[in-house]
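Have a look at the structure below before the remarks.
Atoms within each ligand, like the ligands themselves, are counted from 1 in listed order.
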Amino acid sequence: MAAHSESILTASEIPEIVNTVKELGLVHDDTSFRRVAVAHSVRGGDRLIEVWLYRTSTAQIEELIISMSTNTLVTRQLVDDQVPQYGFTEIAASVAAVKADPGVIAAVAKRGITDMSTLQVDAWPTGNMGLAHEEGRRVARCILFQRDVVSDNGYARPVDGLMVFVDLDKNEVYEIEDIGVWPIAEEKSNYDAAAVTPRTGLQTINITQPDGPSFTVTDGNHIRWQNWDVRALLDHTEGLVLQSLGWTDEQARRPIMRRASLAEMVVPYGETRESQAFKNALDVGEVGLGRCVNSLVLGCDCLGDITYLDGAWALEDGTPVHVDQAICIHEEDFGIAWKHTDAHNGHAAEVRRSRRLVISSIFTVGNYDYGIFWYLYLDGTIQMEIKLTGIVTTQSYQEGDDLTYSALVAPEVAAPIHQHLFCARFEMEVDGPNNTALRVDIEADPPGPSNPHNNAFRAVATTLETEQQATDRVDAAKSRSWRVINQNKLNRLGQPVGFKLIPADTSTLFPADASRIAGRSGFAKQNMWITPTNEAERFPAGNHVSQSRPEGQGLPTWTEANRSIVDTPLTVWHTFGLTHSARPEDYPVMPTEYARCTWIPFGFFDRNPALDLPPSSHCG
Ligand code: NI
């Protein structure tokens, strides 16, 4: 029997899917699997799976939707002139090809490296820098590092100046660009426990939940916790996805979001050196976050009474990869939910503890590690937090080098300035399918007869009627926020029910509009986009972002239609993130930084929904 339509994909399902695709006659000798995931589409209770194929001889991508309930093809779309996401098998092969290439061997020998086993090869997505030799090719651009032993930190010793281009269809090095020789840094900058003597004085912290957790997980991935219920998925491309998020009160289950995910991200680098300027990774679409997921370890990654969900994804030949403990579900104490001390009645303060349900996964993309953390709170708050750690990308430094666009992090190592801009996609269904969005700015009134004390300021809500009107940036000077309301459902005060998006103080893309990266990742030029929900519009830089052909795909193109967004199913796309001008403290491994956005109920409830929390048993 096929699983529930929104169940997490399992490794045991993948052979069945691959078999169905083969039986449909869609797999040839040169066909590879590029994405196998639970389909975004929902049709009845059907278990729909999305499969992307790539055929080398035709250079065509095929986007399929397969029904596992009936083992039939639901839709099939052919895509020409675009480059599929690279596969992990071919990337591993390209690394071997680089190490064996005579041109590479000669180039690193010039830098004093003769033992090729000490070479670390990182295959990067090459992006689209307009290089003629990349036209008509699928390309990995490899950069190099040296480590004496495999346990060393490779990023501490970049072999700068060299870029090795691999034709992925042929698995051969076809171009080596050598812009100059830098000395290889001496410091190893290792960060493992063997290299750093652990400090003392930290006493044990244990989290104990003697009665067990307050959530349940049934039917594979259906999580229920207090009033909340949601399903968690691991998607090949987007990583951790929430599906069918709702709140049940005395009356009924109230939907809030149909699907919430990190739909794309971009990491533009500001350094002009050729060996760094191409680094413009779109780590969701180019790399596939889901297949970079970590297998989490109790007591290390997560503390407390944990329930894990396993994940699965497929290699290019359809072989399933099973990941134990890919998604972590647990509760965290979160300080005070609310409190008041009544100075007049002499009673003890009324105080209630807050806690949150945490649904999280961690992904390693080359040098960086990203956590996607979803938090649900007892007061109706929904938060998405990206945790950023790992190692900054490094370049060599020698005396006289320009440090305008980079900062020293070690004596011979610099880190280029860069951004991490995340585009979260929220498919809204606040108390029903049809929603409307508002932009709310706080404005101060000018002096005048209606402002006799010159103190007046007010919230000015503007109904956003079209996509282009909605496209906007965060404005801290106006305390700008956005609200998604359901005009058809009113609370007891007669206000439309809604949720408010509180953005962080977040910049947009810094590279100039004329840059290649701005052409590839237009979604990052604005913090807010709102579109009518369309299941074909899921990835804000396009479905196939590798080598970005053509530029301008996704949100910038879709919103040209300037569709109406009033009282209709809405998708909110919010770009937020951080800009890193690297510190010495970010090295050799970065203390975790946080980027987040928060939805809070705004008139969704009639009063504080956490009023009925019981006083803590530890209290008084
Ligand atoms: Ni960074």
side-chain hydrogen bond (donor to acceptor under 3.5 Å, both in side chains) with Tyr155: of Asp122, Thr393, Thr394, only one passes, and it is Asp122

Here the vertex angle at the Ni ion (ligand 1) for NE2 of His420 and OH of Tyr368, given to 10°, is 100°

Evaluate the ring planes of Phe373 and Tyr375, with Trp represented by its six-membered ring, and classify them as parallel (under 30°), tilted (30 to 60°) or perpendicular (over 60°). tilted

Original post:
Does Glu427 pair with Arg538 as a salt bridge, N-O distance under 4.0 Å?
Top reply: no

Examine all N, O or S atoms of Met590, backbone included, and report whether one is under 2.8 Å from the Ni ion (ligand 1).
no

Can a donor-acceptor pair be found between the side chains of Arg35 and Thr237 at a distance below 3.5 Å?
-> yes

min-distance N/O/S atom, His418 vs the Ni ion (ligand 1), resolves to NE2

Here the N/O/S atom of His580 closest to the Ni ion (ligand 1) would be ND1

